[in-house]
Amino acid sequence: MPKKQTIHILGAGALGSLWAAKLSKSNEVILILRNPTHKTHNYQFIEQELTTDVSLPCESATSTNNLIDVLLVFTKSYDTLLALSQIEHRLSPSSKIILFQNGMGCQQTLIKTLPHHRIYAASTTEGANSPTKGTIIYAGKGETWLGDISKEKPECTIETEHLTALLSSSTLDVFSTKDIWQRLWLKLAINCAINPFTALLNCKNGEIREHQLFKSSITPLSQELSSAIQLNKIELSAEDIQTKVEEVLEKTANNISSMLQDVRAGKPTEIDFMNGYIQTIANEHTIPFPVNAELLKRMKTQFNN
Ligand code: KPL
């Protein structure tokens, strides 16, 4: 029997646990947790009507175990730099680091912090949530795109293809792309145009469409997002953003967005890496993006983060 590939997973939230459960069927998956209390991390994984008990080995971030070969990072954007710096002693230039973070900013920081490492980003529309501690629900089938972000010039290397094949062993749909930045910026626009509304209005994704706040904001907000993204040399029209947002709202109508999940769990939100990142672009270029600025202000006032 060929030896199974070892995959380390940092961050065992809903999405990390989904990938861990799926990848562990044909790989050796090890979870890296902040303060593991046991040798294994156990949870129930619910897919459609089927419940499976998952039990995976775990290590603490500060463990001095072997070097890591493949690392999937699912920590919140605001935790990622610290979490990776705690395991830096286990990373070598041949380690493959795959970032699954929402929003923008964390990827650029990590490329600068780890200039000699292979860093990949994944953009995923898979949906998972954790209604109670120890239970993970696979909420909606999506797809995942993977690309190398450590190279100046985008290219689809043989290593990206190998990693795509490895992630596909989860049976989730995974594709490689050399245009991963395009996908990350589009995902950022979608998150900026959906997540804060769901948090402010305390409702499911699909329900924001009935609220005046969303109806009056979406067209000017899409224009602002398009301008901000074009300032970063990515072509994405306001019309394309709005159409995509409507499509995602339709597909994920019953989902509780990641931002509303954070609010309900009393956790900080990733607003600084979404609408906050757009505000940083506005500040750098001294261009006002008033609809985005107002959303950001309301989020900061209402949730104090
Ligand atoms: O990515 C998402 C999130 O919740 O963060 C969306 C696309 C809004 C789906 O819920």
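The first residue in the sequence is number 1, and the count goes up from there. Source: prediction; values computed, not measured. In each ligand, atom 1 is the first atom listed, and ligand 1 is the first ligand listed.
In terms of polar-atom proximity, N195 is counted as a contact of ligand 1, with an N or O under 3.5 Å from an N or O of the ligand. Taking only nitrogen or oxygen atoms, main chain and side chain alike, S257 does not reach within less than 3.5 Å of ligand 1.
Separating the OG atom in S168 from the CD atom in E161 is a distance of 9.5 Å, to the nearest 0.5 Å.
The contact set between ligand 1 and N102, taken as ligand atoms under 4.0 Å from a residue heavy atom, comprises 5 (O). Near K187, the atoms of ligand 1 lying under 4.0 angstrom from a non-hydrogen atom of the residue are 1 (O).
Note on K300 versus D272: salt bridge recorded, some NZ/NE/NH1/NH2 to OD/OE distance being below 4.0 Å. Using a 4.0 Å cut-off between charged side-chain N and carboxylate O, K96 and E159 make no salt bridge. Electrostatic pairing of E47 and K22 counts as a salt bridge here, judged by a charged N lying under 4.0 Å from a carboxylate O.
Looking at N205 against ligand 1, only its side chain comes within 4.0 Å, counting heavy atoms. Counting heavy atoms closer than 4.0 Å to ligand 1, residue V248 contributes side-chain atoms (C-beta onward) but none from N, CA, C or O. Contact annotation: for M259 versus ligand 1, there are no heavy atoms closer than 4.0 Å.
When the heavy-atom distances from atom 2 (C) of ligand 1 to N254, T252, N191 are ranked, the shortest goes to N191.
With hydrogens and angles left out, the side-chain atoms of Q44 and T51 include no donor and acceptor closer than 3.5 Å.
Considering all non-hydrogen atoms of both residues, T198 and S257 come closest at OG1-OG, 2.7 Å.
The nearest heavy-atom contact from the protein to atom 3 (C) of ligand 1 is S258 OG, 3.4 Å.
Between I98 and the choices L146, L71, I149, V73, the side-chain contact (heavy atoms from CB on, under 4.5 Å) rule is met once, by L146.
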